[in-house]
Amino acid sequence: MAKEVIRQHLPLMEEEGRAAATDDDAGRDRHYLPDVPDEDPYQAGHRTCAGCGPAIEYRWVLKAAGQDTVVAGPTGCMYVANSTYLCTPYTVPWAHTPIASGGSFTSGMAAGYEALIRKGRHPGPYPNIIVMAGDGSASDIGLGSISGALYRNHDALFICYDNECYANTGIQVSPTTPYASMTTFTPFGKAKPEGTSLPPKNLAKMMAAGHPHCYVATTTVGYPVDLMNKTRKGLNHRGAAFMHCFTPCQKGWVYQTSMTVEIGRRVVEAGLFPVWEYDPAERTYSYFHPPVQRPVTDYLAMQGRFGHMLPEHIASIQAQANRNWQDIGMDVPAGLREGEDPAKHLRLREETYSMPLNRGVGA
Ligand SMILES: Cc1ncc(C[n+]2csc(CCOP(=O)(O)OP(=O)(O)O)c2C)c(N)n1
Ligand code: SF4
Ligand SMILES: [Mg+2]
């Protein structure tokens with residue numbers, strides 16, 4: 001007789017304590033830290049760059065998931081830097097997949113565990129099954145395979161760690177690379193002073209709209225508890241879940257290594273990466289409203305990849321941010337509306353912008 005497949009349930013971390021936490025001068029909850037698990041299924045000893053956003057995301061996702069987890073990783077930085085011969089930072093099973101096959105490989109793992117448990121050949125419970133694919137894999141080369149897995153509703157969490165470029169092969173443009181940033185395939189010059197000329201693909205909205213039975217969420221490395229709770233919600237969800245995580249790439253974006261988490265917050269406070277959750281039961285979106293709204297220059301000017309921007313490029317990005325504020329149900333302050341006018345800007349490298357006091361080593 002077929003055995004029952006027992007599912008795990010991961011508790012959510014308390015987020016209410018935030019209000020009582022010490023604020024910084026911008027009113028943000030800076031020092032809030034609930035009971036985060038001690039265990040680290042993604043250990044030190046990998047070879048990513050200092051300040052690597054995807055490595056931070058990997059660590060927090062696996063902290064949230066715990067030891068009864070299996071992980072797949074399509075080709076990209078987080079495969080190459082983490083799997084040197086005879087050396088691995090994982091204390092959980094991990095497998096590399098071709099860049100196009102993260103979704104199909106993970107479908108196979110999920111179906112395989114179901115079958116093995118039913119036949120009594122795996123003692124269970126059903127493990128947390130996670131695939132973490134880069135943006136090149138998830139939004140481009142492997143998009144079809146992930147979409148197929150979501151459509152078939154395999155019980156697994158599909159994550160896109162988004163560093164907005166094909167990082168591992170030398171920072172080439174990907175479908176999530178932002179307008180007017182520079183990559184090695186989209187340098188700025190006379191013909192294209194903006195560098196990247198296309199707007200980025202809205203991957204998470206595509207996934208939610210196209211697979212309405214799936215749990216879908218966005219998050220960034222600027223919000224560790226949000227990231228870990230959404231990991232757990234995605235794993236607790238019975239069926240397929242997709243999480244899109246904004247993960248700065250120090251090497252490709254050119255910023256001070258200590259600023260990864262700060263950039264993960266600023267992109268949200270600048271209105272350029274809305275953080276939200278899609279509930280498949282109600283078929284509704286809920287949007288996070290950050291307590292701080294900044295001009296986009298506070299975000300852009302911290303990164304060398306935008307250093308060439310001209311006033312019209314900044315104005316265009318501010319207009320996009322203002323549309324995003326409206327889409328998530330927030331008012332657009334007058335100062336940010338004014339920023340839609342190129343005449344209000346200088347070249348990016350000449351703009352004044354707010355910079356945290358703690359600039360870190362080398363500042
Ligand atoms: C079919 C195929 N095309 C190209 C490559 C070369 N390749 C290896 S890693 C990589 C970059 C992947 O980018 P992304 O998925 O965004 O991950 P990241 O390197 O940014 O972490 C590419 C293009 C490959 N391995 N397979
Ligand atoms: S190139 Fe970027 S994504 Fe790759 S290891 Fe370095 S910081 Fe991380
Ligand atoms: Mg990438």
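Start at 1 and go down the list; that is how both ligands and their atoms are numbered.
Hydrophobic clustering, with ILVMFWY side chains joined whenever heavy atoms are under 4.5 angstrom apart, keeps Tyr287 apart from Phe273.
Looking at Asn168 against ligand 1, both its backbone and its side chain come within 4.0 Å, counting heavy atoms. At a 4.0 Å heavy-atom cut-off, ligand 1 does not touch Tyr79 at all. Contacts between Cys165 and ligand 1, counted as non-hydrogen atom pairs separated by less than 4.0 Å, involve the backbone only.
Residue contacts with ligand 1: Asp135 is placed with a nitrogen or oxygen under 3.5 Å of a nitrogen or oxygen of the ligand (distance criterion only).
Scanning all protein heavy atoms for the shortest distance to atom 11 (C) of ligand 1 gives Tyr166 CD2, 3.4 Å. Protein heavy atom nearest atom 18 (P) of ligand 1, with residue, atom name and distance: Cys77 N, 3.5 Å. Looking from atom 8 (C) of ligand 1 to the surrounding protein, the closest heavy atom is Thr75 CG2, 3.6 Å.
Remark: Lys205 qualifies as a cation-pi partner of Tyr285 under the 6.0 Å distance and 45° angle criteria applied to the six-membered ring. Taking the ring centre of Tyr299 as origin, the terminal cationic atom of Arg294 falls outside the region bounded by 6.0 Å and 45° from the ring axis.
Between Arg283 and Asp279, no side-chain nitrogen of the basic residue sits less than 4.0 Å from a carboxylate oxygen of the acidic one, so the salt-bridge criterion is not met. Looking at Arg118 and Glu114, a side-chain N of the basic residue comes within less than 4.0 Å of a carboxylate O on the acidic one, giving a salt bridge.
Counting only distance, with no hydrogens or angles, the side chain of Tyr278 and the backbone of Pro212 share a donor-acceptor pair below 3.5 Å. A distance-only check finds a donor-acceptor pair linking the side chain of His308 to the backbone of Glu194 [under 3.5 Å]. Checking side-chain atoms of Ser316 against main-chain N and O of Glu312 turns up no donor-acceptor pair under 3.5 Å. Tyr151 contributes no side-chain N or O that, together with a main-chain N or O of Ile146, makes up a donor-acceptor pair within less than 3.5 Å.
The CG atom of Asp298 sits 9.5 Å away from atom CD of Glu262, with the distance rounded to the nearest 0.5 Å. The CZ atom of Phe188 sits 12.0 Å away from the OG1 atom of Thr183 when rounded to the nearest 0.5 Å.
Atom 7 (N) of ligand 1 has its nearest heavy-atom neighbour, among Thr247, Thr169, Ile141, in Thr169. For atom 16 (O) of ligand 1, the nearest non-hydrogen atom from the set Pro54, Cys52, Ser101, Gly136 belongs to Gly136. Distances from atom 2 (C) of ligand 1 to the heavy atoms of Ile99, Val80, Thr48 put Ile99 nearest.
With ligand atoms numbered from 1 in the order given, ligand 1 contributes 15 (O) to contacts under 4.0 Å with heavy atoms of Ser137. Near Gly134, meaning under 4.0 Å from one of its heavy atoms, ligand 1 places the atoms 14 (P), 15 (O), 16 (O), 17 (O). Short contacts between ligand 1 and Asn163, defined as distances under 4.0 Å to a heavy atom of the residue, involve ligand atoms 18 (P), 20 (O), 21 (O). Listed by number with element, the atoms of ligand 1 under 4.0 angstrom from any heavy atom of Tyr161 are 17 (O), 18 (P), 21 (O).
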inquiry  = Walk me through whether Arg305 and Glu164 qualify under salt bridge (charged side-chain N to carboxylate O under 4.0 Å, His left out).
reply    = CA-CA 11 Å; Arg305 63 177 172 155; Glu164 300 184 341; 2.9 Å; yes
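Not a single heavy atom of Ala100 sits less than 4.0 Å from an atom of ligand 1.
Looking at Phe242 and His211, their side chains never come closer than 4.5 Å, going by heavy atoms from C-beta outward. The side-chain heavy atoms of Tyr42 and Tyr90, taken from C-beta on, include a pair separated by under 4.5 Å.
Distances from the Mg ion (ligand 3) under 2.8 Å pick out these protein N/O/S atoms: Asp135 OD1, Asn163 OD1, Cys165 O.
What you find for Thr97 and Ala72 is that their closest heavy atoms are CG2-CB, 4.0 Å.
In summary, of the residues considered (Val268, Val267, Thr218), a side-chain contact (heavy atoms from CB on, under 4.5 Å) with Phe246 occurs for Val267 alone.
No side-chain N or O of Lys201 forms a donor-acceptor pair with one of Thr176 less than 3.5 Å apart.
Within 4.0 Å of ligand 2, contacts by protein heavy atoms are made from Thr48, Cys49, Cys52, Pro54, Cys77, Asn163, Cys249, Gln250, Lys251.
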